[in-house]
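Have a look at the structure below, then the notes.
Start at 1 and go down the list; that is how both ligands and their atoms are numbered. Scope of the values below: all heavy atoms of this structure, side chains included, with no hydrogens, waters or symmetry mates.
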Amino acid sequence: MHKIAVAKGDGIGPEIMDAVLKIFTAANVPLEYDVVDMGKWVFDKGYSNGMTPEAQETIETLGILFKGPMETPKGKGVKSVNVTARKTWNTYANKRTFQTLHGVDTVFSKAGITIDITIVRENIEDTYGGIEHMLTHDVALCRRFITRPGSYQVIKYAFEMAKKKGARRITCGHKSNIMKITDGLFLEVFYEIAKDYPELNADDVIVDDLCMKLVTKPDLFDVVVLTNLQGDIVSDLCAGLVGGLGFAPSANIGDHISIFEAVHGTAPDIMGKNIANPTALLLSGIGMLRHLGLMEMAAIIENSLLYTLESGVHTGDFGDKAIPSLNTTAFADAVIANFGKLPAQNAKPVLANLYVTPTIFKLDKNPMLESIDDEAINILGADFFIETNLQPTEVAEKCLKHTLTLFKLVTVTNRGTQVWPKGSVFTNLVSQYGCRFESIDNLPLTQVDILELTKRMMKDFKVCSYELLNQFGYKKAYSLAQGQ
Ligand code: NAI
């Protein structure tokens, strides 16, 4: 019998988790549950990451966490336990499936348009590192990391999943027309991996266009893979297409540990009333059963759920108002009573075992993800981000004093828009500039050269930060300013 960790969560978490586990028990699902301490009340006891050391040990040993929603305590300096868990255990792929559920009325179900979309969202990187600083009183900065190995992990997972699912199409959503380096890297990795899957129809679409198409023609899409923030937004949009967050399951997949949870939160407005809809958590649990290779159990429970929904049974948050709603426990009982029944539409076959049941292993050191690259890396200069309320020409005049024999001043920018050597007086300024120095004749520089320049710049300005301008082989690895 497989043992998994269960964290019931906060708010409606315990109510919906109890309902789901009741369904699992009635179906004789061969799982044992080790209930662990995680959530707001654990924060309140003084554990800053929202889980006890014993809970962490149990989850790292068992490899599977089935969790209810958890509240993030309000206030500065407190990180979400949900995000911490996903990042700590490198659950790099967040998979959310959105399917038409008969009995859950939407504009699309009424129009006879069937939706079956899987969003795979990168789960670790992007702006979700939460690495943010106020650089000046007026200027906040958030660092956005997109890495080659991180992109590889999630995109490879998406392709494997699409192949096993027999997907019609796999699409990369991105904004690489604007973020050419970060989203450009994600897209580049997507097409590199696509070469290994000639049987799949791989394409890409700019994320704003993707949103428009999803709400007008959602049946065009099958598997969509995106970076973290864009994936977060697009997956909630998709939840709306199939009836809302109450129907959105989610799996956070890693090589070692995977976490299964509903997309929705703790619903504090309805907690303790036994009226919450357990469908999303149940669908997440069904995904977990498939992940563990329990294909038959998953099909029985999912068909029973679909039958139940199709027959008009509902909790208070959806469904036909003319039919009285059931509470959480009664809804679970209705699903149990329908074991063995098949819905008239979209009945689920017992799927082939798509996933290899994860092996539990112990690590003695942190894995280093590194792609092999023999290209020479040269430093060609630096971007200095400085605080000043001078006009662009005055900033440039001061910077030009430091160009000497090694450096040339290439551009001065404000909020990414060039304001020197060319610019417009209509460009509004904030008290933070970017000053780009490159080496004369593209000669490679050392870090000490940059340090010397930094010291000189510091005599004239408050230097908030700087970034090296790298060249990989012959390719400049930095963006141009708007208007440069
Ligand atoms: P929420 O998803 O908890 O609630 C939004 C609305 O949807 C509320 O009206 C709620 O009653 C309703 N709702 C949500 N789930 C429902 C269900 N199963 N059945 C019926 N109605 C349902 O989002 P909100 O209010 O923004 O967040 C509340 C708390 O949850 C916050 O502390 C937030 O940090 C946390 N949260 C946790 C997540 C997780 O653990 N993965 C995800 C999202 C939010």
Side-chain angles (χ1 to χ4, degrees), residues 5-20 23 36-44 49-51 55 59 65-89 91 94-96 101 103-104 119 121 123 128 130 228-229 231-233 235-240 242-253 258-285 287-288 305 309 313-319 321 325-332 335:
V6 169
K8 294 193 177 183
D10 304 311
I12 59 168
E15 298 160 54
I16 54 174
M17 184 59 85
D18 286 345
V20 171
I23 294 169
V36 296
D37 296 337
M38 270 179 99
K40 167 141 188 329
W41 58 278
V42 183
F43 265 112
D44 295 344
N49 60 356
M51 65 183 103
I59 295 159
L65 171 63
F66 189 28
K67 70 176 274 295
M70 290 175 191
E71 184 182 332
T72 302
K74 295 195 174 65
K76 285 194 175 168
V78 183
K79 300 250 179 187
S80 149
V81 61
N82 305 302
V83 178
T84 304
R86 290 173 206 155
K87 289 168 68 83
T88 307
W89 295 315
T91 61
N94 182 250
K95 176 187 167 213
R96 296 178 178 184
L101 296 164
V104 183
I119 302 288
R121 160 189 168 195
N123 217 11
Y128 283 64
N228 203 342
L229 177 59
D232 193 5
I233 296 165
S235 53
D236 269 26
L237 182 153
C238 289
V242 295
L245 289 181
F247 304 95
S250 141
N252 300 283
I253 307 286
S258 295
I259 305 170
F260 296 83
E261 61 181 339
V263 172
H264 63 71
T266 58
D269 49 335
I270 56 167
M271 71 172 278
K273 296 183 180 162
N274 194 31
I275 57 171
N277 177 1
T279 305
L281 189 64
L282 181 56
L283 286 168
S284 312
M288 178 180 73
L305 169 68
L309 293 172
V313 171
H314 64 96
T315 46
D317 54 311
F318 74 102
K321 294 281 174 252
S325 62
L326 298 188
N327 68 25
T328 312
T329 320
F331 184 87
V335 174

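The pair Asp37-Lys8 does not meet the salt-bridge criterion, since no charged nitrogen lies less than 4.0 angstrom from a carboxylate oxygen.
Residue contacts with ligand 1: Ala267 is placed with a nitrogen or oxygen under 3.5 Å of a nitrogen or oxygen of the ligand (distance criterion only). Considering backbone and side-chain atoms together, Asn82 places an N or O closer than 3.5 Å to an N or O of ligand 1. Annotation: Ala276 places no N or O atom under 3.5 Å from an N or O atom of ligand 1; distance criterion only.
Here the CZ atom belonging to Arg121 is positioned 4.5 Å from the CG atom belonging to Asn228, to the nearest 0.5 angstrom.
Ligand 1 has Lys67 within reach: a non-hydrogen atom of the residue lies less than 4.0 Å from it. Taking 4.0 Å as the cut-off, Thr279 does not count as a neighbour of ligand 1 on heavy-atom distance.
Among protein heavy atoms, atom 9 (O) of ligand 1 sits closest to Asp269 OD2, 3.0 Å.
Set against the non-hydrogen atoms of Glu261, the atoms of ligand 1 under 4.0 Å away are 41 (N). Below 4.0 Å from some heavy atom of Met70 lie the following atoms of ligand 1, by number and element: 35 (C), 36 (N), 37 (C), 39 (C), 40 (O).
Contact annotation: for Asp317 versus ligand 1, heavy atoms closer than 4.0 Å belong to the side chain alone. Using a 4.0 Å cut-off between heavy atoms, Pro268 contacts ligand 1 through its side chain alone, with no backbone atom that close. With a heavy-atom cut-off of 4.0 Å, Thr72 touches ligand 1 through backbone and side chain alike. Of the heavy atoms in Val263, only backbone atoms (N, CA, C, O) come closer than 4.0 Å to ligand 1. Of all the heavy atoms of Asn277, the ones lying under 4.0 Å from any atom of ligand 1 are found in both the backbone and the side chain.
Relative to atom 32 (O) of ligand 1, the option among Arg86, Lys40, Met271, Glu71 with the closest non-hydrogen atom is Glu71.
Protein non-hydrogen atoms do not reach within 4.0 Å of atom 7 (O) of ligand 1.
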